[in-house]
Amino acid sequence: MISVLGAGVAGLCAATALAERGLPVEIVEAVTPPVSRLAGGMLAPFCEGESAPEVIVTRGRSAIEWWRVRAQSFVQRGTLVVAAPRDAGELDRFARATRGHARIDPGDLEPELSGRFAVGLHFAEEAHLDPCEALAALRGGLASRGVAFRDRPSGRIVDCRGMAARDRLRDLRAVRGEMLELLAPDVTLTRTIRLLHPRFPCYIVPRGHGRFMVGATMVESARDGAVTARALMELLSAAWTVHPGFGEAEVLATGAGLRPAFPDNIPALRHEDGRIHLNGMYRHGFLMAPVLACDLANKLSEDMTHAH
Amino acid sequence: MFYGIELPSRLMLGTAQYPSPQVLRDAIAASGAAVITVSLRREGREGGAFREILTDSGCRLLPNTAGCHSAREAVTTADMAREVMGTSWIKLEVIGHADTLQPDPFALVEAARILCAEGFDVFPYTTEDLILGEKLVEAGCRVLMPWGAPIGSGQGLSNRAGLARMRAHFPDIPLVIDAGIGAPSQAAEAMEMGFDAVLLNTAVASARDPVAMARAFGQAVEAGRTAQAAGLMPRRDMARASTPVFGMAELLA
């Protein structure tokens, strides 16, 4: 039996990949809800390449196909990157630092942005999903395969506890993130929009039925607790810059959570003191969890084969 | 000397906006910087994991009050910095406007007075205004940090004549060009003008290859400093041949 600790995106992807290979697996859940539920749910390997190393871009691409067949909320309409006219230099820099994009008139893709932004970058291959729906879908899939959710482990441990694993992973640190969810029925943006700004960048992810996720701050701090007023102001003003319709939006929810990160900010599988860790998801949880989960399944299937 | 400390390198690096702490660590090493700045306003006491990485770099830490908009806020942040980081050095930044990020000179002097009286070694982020500089020195500051250009703008030394006057006006106060530096050539220019050090962040952190850019800045600062010490030639209005005209070989046909 393999006991996966944690039921966030890392744990659920790991358990799913193992169960799909026919390996015996169970999930041990924490009492607190996973921070993955607060994620943007963007599957944007090319955009992440602006600051992330090449491995995130090349390996992250496969996650798009992985989610397509597993999350109903999966939408592939690309990412649209825009910047205010005075920040045109930011857009050029972003274009130089990434690939997989085309220069377009934002109004051609999202008519409501017509006239607001003269030029944008379209990353056509990218996609997005609703994290809560996607996590629920994985849970459903696991339940239908007979995978049990327990409160203590009975087998070989795969540790996917995120920040809770700091008791064993000393170089794991927290990077605080804050987000909000808006209801703006008047706004009909259909794809992820990234606004480049030298100080207040943001992204807006459509969640259907007029709901939008706006995120996210990045603060080198382990402070938990609710979203700060400053984060709210920055995110809201950035959203309003993209589309004035957000001025009339209802704030449905706000959230703040701690991303687990290794010093290189690259999610990884590690073998440490007798257990496998799948951790350090940073801001790449939905992108990299399926990739590492498949690596894990390959490795454990091999182990099982050698054992027989 | 910066508050009695001799620094082997005259490059000071900011630590924000890097792709990862690993890249930051490599960039610091490649730059050869002796001082790194660290912000606390937003991170708070809970930013310990990141600060540990900075401490491990072996550089002298210069905590800053970035993000503070009033003297009171800056003083509180400085107090926390001294307690958490165990250093009396503080880069004093009081922002006057959220958009322009220009220093608020009045609140700056007020905060500098309080902090110097409390025994801090204050590095004030200021403009090139001479009277403001005098007020800061009068408050107890023994280092001044005039801006090159607005924070993050990469415009270089936008008021070169004003900065030259400041250098001439404060011959014995260490002056550090802080903010606005976008290219190594601009850092070298500041050092050639006789400034004592250069502090920058965005130009390295947002480069495509921050580690290589950090190395380039380290070399530029070193080159500018060496050139200044070696004595730059004066500018001339007319050409002056560098090869003597007399005594040239007469070629036989």
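Below, chains carry the letters A, B, ... as their sequence lines are ordered, and counting in each starts from 1.
More than 12 heavy atoms of other residues, nucleotides or ligands shown are found within 6.0 angstrom of CZ on A:Arg103. Residue B:Phe106 qualifies as open at atom CZ: its count of foreign heavy atoms under 6.0 Å is 12 or below.
Minimum interatomic distance between B:Pro21 and A:Pro263 (heavy atoms only, all atoms of both residues): CD-O, 3.0 Å. For the residue pair A:Arg223 and B:Glu46, the shortest heavy atom distance occurs at N-CB, 3.3 Å. Scanning all heavy atoms of the two residues, the minimum distance from B:Arg208 to A:Arg96 falls at NE-O, 4.2 Å. Contact record, A:Ser51 with B:Pro19: O-CB, 3.2 Å, taken as the closest heavy-atom pair.
Using a 4.5 Å cut-off between heavy atoms, A:Thr98 makes no contact with chain B at all. For B:Arg45, no part lies near chain A; criterion is any non-hydrogen pair under 4.5 Å. Only the side chain of B:Leu101 has a heavy atom closer than 4.5 Å to any heavy atom of chain A. Residue contact with chain A, scored on non-hydrogen atoms closer than 4.5 Å, involves the backbone and the side chain of B:Ser206 alike.
Separation of atoms CG (B:Leu24) and CG (A:Asp264) is listed at 13.0 Å; rounding is to 0.5 Å. Separation of atoms OG (B:Ser20) and CZ (A:Phe262) is listed at 13.0 Å; rounding is to 0.5 Å.
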**OP:** With side-chain contact (heavy atoms from CB on, under 4.5 Å) as the test, would you mind laying out the steps for A:Asn265 and B:Gln22 before giving the verdict?
**Re:** CA-CA 8 Å; A:Asn265 289 347; B:Gln22 181 65 53; over 6 Å; no

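Considering only heavy atoms from C-beta on, B:Ile53 comes within 4.5 Å of A:Arg173 through its side chain.
Each of A:Arg166, A:Arg93, A:Arg176, A:Glu50 has some count of heavy-atom pairs under 4.5 Å with chain B, and the biggest count is that of A:Arg93. The choice from A:Asp224, A:Val175, A:Leu172, A:Val219 that makes the most heavy-atom pairs within less than 4.5 Å of chain B is A:Val219.
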